[in-house]
Amino acid sequence: MTPPTDNSLPDLDTAWESHWGDTPPLGHLLRTAQPDRWVRFHSLPRSKRYAVTEEEYVTLLGRQHMLLADLGAPQDLVVITCEWSDDPSPRGREPDVEQVAPGDPWRTVLEDETEAPEFRTYTHLYMGTLTNLPTTLDPLLRKVADFETAGVILAPRGLGWLFHPYDGGVDVITATPAERDALSARHPDWLSRCPGGL
């Protein structure tokens, strides 16, 4: 697990803007901005939300690693994590998240600029890298699955696709609509049966 050097941050900004424009790196905004490239997969059979046994964690993590393999995930993945505060300046990270996903401050997002200052919440984004192995990814993926953290995005260095796990599944935003359709076709039983794909 190695955090990036400061000189990698401008490249991340350039890559982000090239692929995702001015959409902030927040999963719920990305799926709205890219509906033809977005697909949601559920982590457990019958859309069960949370794993409670080790067998269920094996299924949940196995599905996520399979999706990363289908995406052609490289050996090193960019990892974006979040912290939230009422202060526009980052004030430090939760130690348990820092431990499993080291990273440097990248950018801060204020979603709703119309809110009164005393009600504003800022999302502080951190960028690091993790090796694409279960031993390095699973501690972070389990925290997301257990809703101990949120807002995580995994991606290749070029940010051509995005893998956004949440407690209950994964939102994937592919490089093209055709790639989204192909990925969906590989795992039809993992798709939501709800209207709209959620």
Using side-chain heavy atoms (C-beta onward) and a distance below 4.5 Å, is [X] in contact with [Y]?
X	Y	answer
T149	V100	no
R142	L61	yes
R63	T59	yes
I173	W20	yes
D70	V172	no
D11	R157	no
L77	L137	yes
L162	W16	yes

Sequence-distant partners of H28, ring pair (Phe, Tyr, Trp, His ring centres under 6.0 Å), two or more places apart: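 With sequence neighbours excluded, H28 shows a ring pair (Phe, Tyr, Trp, His ring centres under 6.0 Å) to no residue whatsoever.
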Those residues that, when tested against L133, pass side-chain contact (heavy atoms from CB on, under 4.5 Å) (two or more places apart):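 L133 satisfies side-chain contact (heavy atoms from CB on, under 4.5 Å) with T131, T135, T136 once adjacent residues are dropped.
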Measure the [atom1]-[atom2] distance between [X] and [Y] for me, rounded to the nearest 0.5 Å.
X	Y	atom1	atom2	result
L60	D146	CG	CG	8.5 Å
R37	L183	CZ	CG	13.5 Å
W106	I80	CH2	CD1	4.5 Å

R40 charged N/C atom sitting above Y166 aromatic ring, 6.0 Å / 45°: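 So R40 does make the cation-pi contact.
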Backbone N/O of P105 and side chain of R93: donor-acceptor pair under 3.5 Å: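 No, the answer is negative, given that no donor and acceptor are paired below the 3.5 Å cut-off.
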More than 12 heavy atoms of other groups within 6.0 Å of E113 CD: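 No, not enclosed.
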Whether over 12 other heavy atoms sit under 6.0 Å from R193 CZ: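 Not buried by this count: 12 neighbours or fewer within 6.0 Å.
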Where W161 and L71 come nearest, the two heavy atoms and their spacing: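 Of all heavy-atom pairs spanning W161 and L71, the closest is NE1-O, 3.4 Å.
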Fellow cluster residues of Y122, listed by chain then number, with links counted only when side-chain atoms sit under 4.5 Å apart: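 Taking Ile, Leu, Val, Met, Phe, Trp and Tyr as members, Y122 shares its hydrophobic cluster with L110.
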Pair D87-H124, side-chain donor/acceptor within less than 3.5 Å: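 Checked: D87/H124 side chains show no N/O donor-acceptor pair below 3.5 Å.
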